[in-house]
Amino acid sequence: MNILGIESSCDETAVAVYSDAGLLSNVIASQTVHRRYGGVVPELASRAHQQSIWGVTEQALEEAGLQLKDIDAIAVTNGPGLMGALLVGLCFAKGLALSLGKPIIGVNHIDAHIYANFIESKPEYPFVSLIVSGGHTRLVLVKGFLDHVLLGDTRDDASGEAFDKTAKILGLPYPGGPEMDRRAREGDRKFVKFPQALLSEGYEFSFSGLKTSVLYHIEAIDEPERAAYLEKNMNDLCASISEAITEVLTKKTRRALKEHGVKDLVLAGGVSANSMLREKMTALGTETGVRVHIPKPVYCTDNAAMIAVTGYYKAKSGQFDELVSLEPFASQTA
Ligand code: KG4
Ligand code: ZN
């Protein structure tokens, strides 16, 4: 069985093929047009998807050594994400499915981040998953394939947003997360003790206070000296912010592992590419004896391999969608 996976929920146009033999191809076209605006501009994202989706598909097929006639089903992200961006991938997938006479499978983008772990690893159910991306930060108990219990969500910003927004306050280029990661490796984590919110409360997260705290810290330094202070201490500030974010994530994950007594922990989403988080979660695994699964960075950030693999398991369990009723959705609260 060969599944073509299509992802267009934000600013990556991505197509991949997953088969009985595993992942055959994984092509990603990252949109650079947003850089000068310091964030993703939805209308420009839709246009860029439209321009590259056919070429990316051809390349994914070529790298897989397959033709369209060899594809057995089309898996496509139908949400959550930017509506216009989702529509490009969904309409393209529907057109392909209709013309090939093959079934379509709608894939939830957040679920797909979890199942990205099945590309190179085999987590055992039940497991706890920490989903950390630009749009989401949640802890989930996964009892079986697509059988999820939400343990806790963020009340405000997602952890990826916390990285991006604090990086912007420090004057780092967009997207801030990877740049902050790079600098944090050279910095002192104890330079400033930034707040770790809601530590004593369940599994909910809050990162908006951190953003304000970083802003106040910078504003406390008078303008003529501020630039020099930032230049001198940038790596230490990045390390201190990363420490605050990753500590909260690690402490709450430790609590979930203990409460639910699972043997596997699965990291998912773009922020799981962060080296400090990977280091802390690996140490948590050593401390608790829990097997820690962290996808390699290319499967952490948005990609279509995760859509294709989730589509593959959905197809295996007979979960197909109707062309007429499969609709995009922008947000998901639970
Ligand atoms: O999962 P993803 O690619 O897209 C969403 O579904 O949101 O996650 C993107 C987020 C961005 O906020 C980005 O800054 C963050 O993941 N990110 C990182 C790193 N790589 C990506 N944050 C910290 N360290 C990284 N190495
Ligand atoms: Zn994502």
Side-chain angles (χ1 to χ4, degrees), residues 5-16 26-57 59-60 76-93 109-110 112-113 116 131-137 154 156-184 207-208 210-211 214-215 234 238 241-242 245 268-274 297-307 328-332:
I6 298 171
E7 155 65 32
S8 73
S9 66
C10 192
D11 59 344
E12 323 279 358
T13 316
V15 182
N26 182 33
V27 180
I28 304 174
S30 296
Q31 303 176 358
T32 50
V33 62
H34 309 286
R35 273 194 201 138
R36 82 184 83 140
Y37 303 100
V40 178
V41 183
E43 175 64 21
L44 296 180
S46 307
R47 292 184 203 183
H49 284 307
Q50 184 65 47
Q51 277 161 5
S52 53
I53 199 157
W54 182 236
V56 172
T57 304
Q59 198 183 330
V76 60
T77 309
N78 64 317
L82 302 169
M83 187 49 83
L86 286 166
L87 276 167
V88 176
L90 186 60
C91 292
F92 180 74
H109 180 91
I110 310 172
H113 272 301
I131 307 160
V132 277
S133 72
H136 301 89
T137 294
T154 180
D156 40 57
D157 291 348
S159 49
E161 266 181 297
F163 274 109
D164 296 338
K165 288 181 178 172
T166 52
K168 197 170 182 178
I169 294 171
L170 298 182
L172 295 176
Y174 173 86
E179 177 68 8
M180 186 165 297
D181 185 4
R182 202 176 58 73
R183 286 177 168 274
F207 293 103
S208 65
L210 171 67
K211 190 177 58 191
V214 172
L215 189 65
M234 187 59 90
C238 287
I241 293 168
S242 303
I245 298 172
V271 176
S272 44
N274 181 266
V298 68
Y299 303 137
C300 289
T301 47
D302 287 351
N303 66 86
M306 68 185 197
I307 307 302
F329 60 95
S331 63
Q332 183 192 33

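Note that the structure is predicted; figures quoted are calculated from it, not measured.
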Side chain of [X], backbone of [Y]: donor and acceptor closer than 3.5 Å?
{"X": "Thr154", "Y": "Asp156", "value": "yes"}
{"X": "His113", "Y": "Cys300", "value": "yes"}
{"X": "Glu161", "Y": "Ala158", "value": "yes"}
{"X": "Asp164", "Y": "Ala162", "value": "no"}

Side-chain touch [X]/[Y], heavy atoms, less than 4.5 angstrom:
{"X": "Tyr37", "Y": "Leu44", "answer": "yes"}
{"X": "Phe92", "Y": "Thr57", "answer": "yes"}
{"X": "Val15", "Y": "Gln59", "answer": "no"}
{"X": "Arg47", "Y": "Val33", "answer": "no"}
{"X": "Cys238", "Y": "Leu172", "answer": "yes"}
{"X": "Ile241", "Y": "Val214", "answer": "yes"}

For Arg35, give me all partners under side-chain hydrogen bond (donor to acceptor under 3.5 Å, both in side chains), at least two apart in sequence or on another chain. none
Taken in chain and number order and not counting sequence neighbours, the residues that satisfy side-chain hydrogen bond (donor to acceptor under 3.5 Å, both in side chains) with Lys211 are Asp157
Does a side chain donor of either Thr137 or Ser159 reach within less than 3.5 Å of an acceptor in the other side chain? yes
Between Ser9 and His109, do the side chains contain a donor N or O and an acceptor N or O under 3.5 Å apart? yes
Shortest non-hydrogen contact between [X] and [Y], atoms and distance:
{"X": "Gly269", "Y": "Ser133", "value": "CA-CB, 4.3 Å"}
{"X": "Ala85", "Y": "Ser8", "value": "O-OG, 2.7 Å"}
{"X": "Ala184", "Y": "Ser242", "value": "CB-OG, 3.6 Å"}
{"X": "Asp302", "Y": "Glu12", "value": "CB-CG, 3.6 Å"}
{"X": "Pro80", "Y": "Ala330", "value": "CB-O, 3.2 Å"}
{"X": "Asp11", "Y": "Tyr174", "value": "OD2-OH, 4.0 Å"}

Go through the steps to decide whether Phe163 and Asp181 satisfy the test side chain to side chain contact (heavy atoms under 4.5 Å, CB included), and finish with yes or no. CA-CA 9 Å; Phe163 274 109; Asp181 185 4; over 6 Å; no
Go through the steps to decide whether Val56 and Ile6 satisfy the test side chain to side chain contact (heavy atoms under 4.5 Å, CB included), and finish with yes or no. CA-CA 10 Å; Val56 172; Ile6 298 171; over 6 Å; no
Find the distance between [atom1] ([X]) and [atom2] ([Y]) and round it off to the nearest 0.5 Å.
{"X": "Leu86", "Y": "Thr77", "atom1": "CG", "atom2": "OG1", "value": "7.0 Å"}
{"X": "Leu215", "Y": "Lys165", "atom1": "CG", "atom2": "NZ", "value": "12.5 Å"}
{"X": "Phe329", "Y": "Asn78", "atom1": "CZ", "atom2": "CG", "value": "5.0 Å"}
{"X": "Gln31", "Y": "Gln51", "atom1": "CD", "atom2": "CD", "value": "9.0 Å"}
{"X": "Ile245", "Y": "Phe207", "atom1": "CD1", "atom2": "CZ", "value": "6.5 Å"}
{"X": "Asn26", "Y": "Glu7", "atom1": "CG", "atom2": "CD", "value": "11.0 Å"}

I would like to know whether Val40 and Leu82 meet side chain to side chain contact (heavy atoms under 4.5 Å, CB included); could you show each step before the answer? CA-CA 10 Å; Val40 178; Leu82 302 169; 3.9 Å; yes
Test side chain to side chain donor-acceptor pair (under 3.5 Å) on His49 and Thr13; report intermediate values, then the result. CA-CA 6 Å; His49 284 307; Thr13 316; 2.8 Å; yes
Side chain to side chain contact (heavy atoms under 4.5 Å, CB included) for Met180 and Leu170? Distances and angles first, verdict last. CA-CA 10 Å; Met180 186 165 297; Leu170 298 182; 4.2 Å; yes
